[in-house]
Amino acid sequence: MKKILIALICAVMLCASAVFAACGKNQTDGITVYTPDGAPALAIARLMSEEKNFNKNVKYRVVSAEEISSCVTYNDESKNADLCILPVNAASKLLGTGARYKMLGAVTHGNLFILSGKDKPSLTAENFAETVRGAKIGVVNMAAFPGAACKLVLDKYGILRDVTLESVLPAQVSGTETAYDYFVVPEPAASTRVANANLNLKQAGSLQSLYGKDGYPQAVLVAKNSLIEKDGKFIAEFMNEMEGAADWLLDENVSAETIFNAVKSHYADPENTKPAFTAANLTKSVIANCAVRFVDSSQCKERVKTFLDELISVNDVAATKVAEGFFYSA
């Protein structure tokens, strides 16, 4: 009986460890920085590669896109990330009051591309409405930001109601898939699929180019109000280091292996995480397509508010208006 009790206790402890593996670290463990894998993770890849600690105990963690919202929504505030990268629409819905977190800045500016079979016409602002009207489009991660952005662009061209949208998995994206005319796929998955000659795919267009205005704020960096109030110097230093993220990623002396290993070595759950990219497909072109660029809140506040309004006008549950207090001001 005693052995059974001990075994049960051990099992419970293991389960608890698994639950808190991705998020849920107590602040006494240090300053936690969370990001979803993929393009957002590239925004802090240099900091992870250098184990940039700012003379503090800073812990970087990479989780899946599906997990990232849970990293800021624990009832026990001490278990939530101190800093976190989120899709801008998710940040607006979860944190838009500014009561718990503030947005430090935008870190990516659109990484969604339209793929099609090689026989399909390429898409430009001039032919988009005419070519896509009546089409069936498969969207990877339809329920999240990609779906919202796709609907916004279709609405911009007046054809949202004339197009059929369906959620697809990356593995379904193929030029030989006759059920779909086009696909909306984020980088780096988009280039990975196109590079596979067996799939007969091409990049037919860019959602960012079709939207215009040099893309849109897609992922943003937020920080806990308590950390901002406690250590404004650290916040300023962290933001300053974010400025050089894009230059480091595109530096020819920084290899794809270096970038990939920086991200992979910080997976919160390495045994169960399927990498969003590999060293083999992380070319400088793919990195450029991820549109990594840090723009602090003071410079992108109005753009973020406008973009959220646009998302809401198409789908009132896709985003939420944010309070002025949501935006960080030094």
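Numbers here simply count residues along the sequence, with the first being 1.
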Just how far is it from atom CD1 of Ile44 to atom CG of Leu221, taken to the nearest 0.5 Å?
8.5 Å

Just so I know, are the side chains of Ile259 and Leu42 near enough to count as touching, which here means a heavy-atom distance under 4.5 Å?
yes

Taking side chain as C-beta onward, heavy atoms only, is Lys305 less than 4.5 Å from Phe327?
yes

Whether Asp181 side chain and Lys136 backbone form a donor-acceptor pair below 3.5 Å
yes

Between Arg193 and Gln172, is there a side-chain heavy-atom distance shorter than 4.5 Å?
no

Which is it for Cys84 and Ile68 under the side-chain contact (heavy atoms from CB on, under 4.5 Å) test, yes or no, and what are the steps along the way?
CA-CA 8 Å; Cys84 190; Ile68 195 63; 3.6 Å; yes

Calculate, to the nearest 0.5 Å, the distance between atoms OH and CD1 belonging to Tyr328 and Ile228 respectively.
6.5 Å

Hey, what do you get for CG (Leu83) to OG1 (Thr35), rounding to the nearest 0.5 Å?
11.0 Å

When you look at Ser285 and Thr283, which way does the side chain to side chain donor-acceptor pair (under 3.5 Å) test go after all the steps?
CA-CA 5 Å; Ser285 175; Thr283 65; 4.7 Å; no

Which atom of Phe260 lies closest to which atom of Pro275, heavy atoms considered:
CE1-CB, 4.0 Å

May I have the step-by-step check of side-chain contact (heavy atoms from CB on, under 4.5 Å) for Tyr180 and Leu115, ending in yes or no?
CA-CA 10 Å; Tyr180 298 95; Leu115 307 187; over 6 Å; no

Which atom of Tyr182 lies closest to which atom of Ser116, heavy atoms considered
CD2-CB, 3.4 Å

Test log, rule side-chain contact (heavy atoms from CB on, under 4.5 Å), inputs Gln218 and Asn111:
CA-CA 8 Å; Gln218 182 166 340; Asn111 69 323; 2.7 Å; yes

Using salt bridge (charged side-chain N to carboxylate O under 4.0 Å, His left out), reason through Glu310 and Lys156 one step at a time and then give a plain yes or no.
CA-CA 9 Å; Glu310 290 174 338; Lys156 174 183 173 71; over 6 Å; no

ILVMFWY cluster, Val168 and Val163 together (side-chain gap under 4.5 Å):
no

Glu243 atom CD, over 12 foreign heavy atoms within 6.0 Å
yes

Is there side-chain contact between Ser265 and Met48, with heavy atoms separated by less than 4.5 Å?
no

Evaluate side-chain contact (heavy atoms from CB on, under 4.5 Å) for Arg303 paired with Asp214, printing each intermediate quantity in order.
CA-CA 11 Å; Arg303 192 175 184 191; Asp214 195 29; 4.3 Å; yes

Could you see if Val153 belongs to whatever hydrophobic cluster contains Leu123? Use Ile, Leu, Val, Met, Phe, Trp, Tyr and a side-chain cutoff under 4.5 Å.
yes

Are more than 12 heavy atoms from other residues, nucleotides or ligands located less than 6.0 Å from atom NZ of Lys321?
no

Is a side-chain N or O of Lys284 found less than 3.5 angstrom from the main chain of Leu249, in a donor-acceptor match?
yes

Check Val263 against Ala45 and note the closest heavy-atom contact, atom names and distance.
CG2-CB, 4.3 Å

Hey, is the main chain of Glu241 close enough, under 3.5 Å, to the side chain of Arg46 for a donor-acceptor pair?
yes

Output for pair (Ile85 CD1, Tyr34 OH), nearest 0.5 Å, gives 13.5 Å

Test item: Asp296 side-chain N/O and Gly105 main-chain N/O as donor-acceptor pair under 3.5 Å
no

To the nearest 0.5 angstrom, please state how far the OG atom of Ser122 sits from the NZ atom of Lys202.
3.5 Å

Measure from the side-chain N and O atoms of Asn225 to the backbone N and O of Gly98, and report whether any donor-acceptor pair falls under 3.5 Å.
yes

Are Trp248 and Tyr60 linked, directly or through other ILVMFWY residues, by side chains that come within less than 4.5 angstrom of each other?
yes

Just wondering, more than 12 heavy atoms not from Lys264 lying within 6.0 Å of its NZ?
no

Check: Phe277 main-chain N/O paired with Asn281 side-chain donor or acceptor under 3.5 Å
no

Flag side-chain contact, heavy atom, 4.5 Å: Ile235 against Leu104
yes

Would Glu67 and Ser64 satisfy side chain to side chain donor-acceptor pair (under 3.5 Å), going step by step from the backbone distance to the final call?
CA-CA 5 Å; Glu67 291 177 281; Ser64 69; 3.0 Å; yes

Quick one: does any side-chain atom of Glu187 pair with a main-chain N or O of Ile287 as donor and acceptor, under 3.5 Å?
no

Which distance, rounded to the nearest 0.5 Å, do you find between the CG of Leu154 and the CD1 of Ile159?
5.0 Å

Within the structure provided, determine whether Glu77 and Lys224 are in side-chain contact (heavy-atom separation under 4.5 Å).
yes

Using modelled atom types only, decide if a donor and an acceptor are shared between the side chain of Thr131 and the backbone of Asn127 within a distance under 3.5 Å.
yes

Has Ser49 got a side-chain atom pairing as donor or acceptor with Ala262's backbone, closer than 3.5 angstrom?
no

Okay, side chain of Asn89, backbone of Ala318: is any donor-acceptor separation there less than 3.5 Å?
yes

Of all heavy-atom pairs linking Leu201 and Gly117, the shortest is CD2-N, 4.4 Å

Please state whether the rings of Phe307 and Tyr211 are parallel, tilted or perpendicular, taking 30° and 60° as the class boundaries.
perpendicular

Indicate yes or no: at least one non-hydrogen side-chain atom of Lys301 is less than 4.5 angstrom from one of Met103.
no

Do Asn200 and Ser174 have side-chain heavy atoms sitting under 4.5 Å apart?
no

All heavy atoms of Pro146 vs all of Val140, minimum pair found to be CB-O, 3.4 Å

Phe238-Phe294 aromatic ring centre distance below 6.0 Å
no

Between Val220 and Val295, is there a shared hydrophobic cluster once you connect ILVMFWY residues whose side-chain heavy atoms come closer than 4.5 Å?
no

Would you say Asn55 has more than 12 foreign heavy atoms packed within less than 6.0 Å of its CG?
no

Same apolar cluster: Val185 and Phe145, side chain cutoff 4.5 Å:
no

Nearest heavy-atom neighbours spanning Ala106 and Cys300
N-SG, 3.9 Å

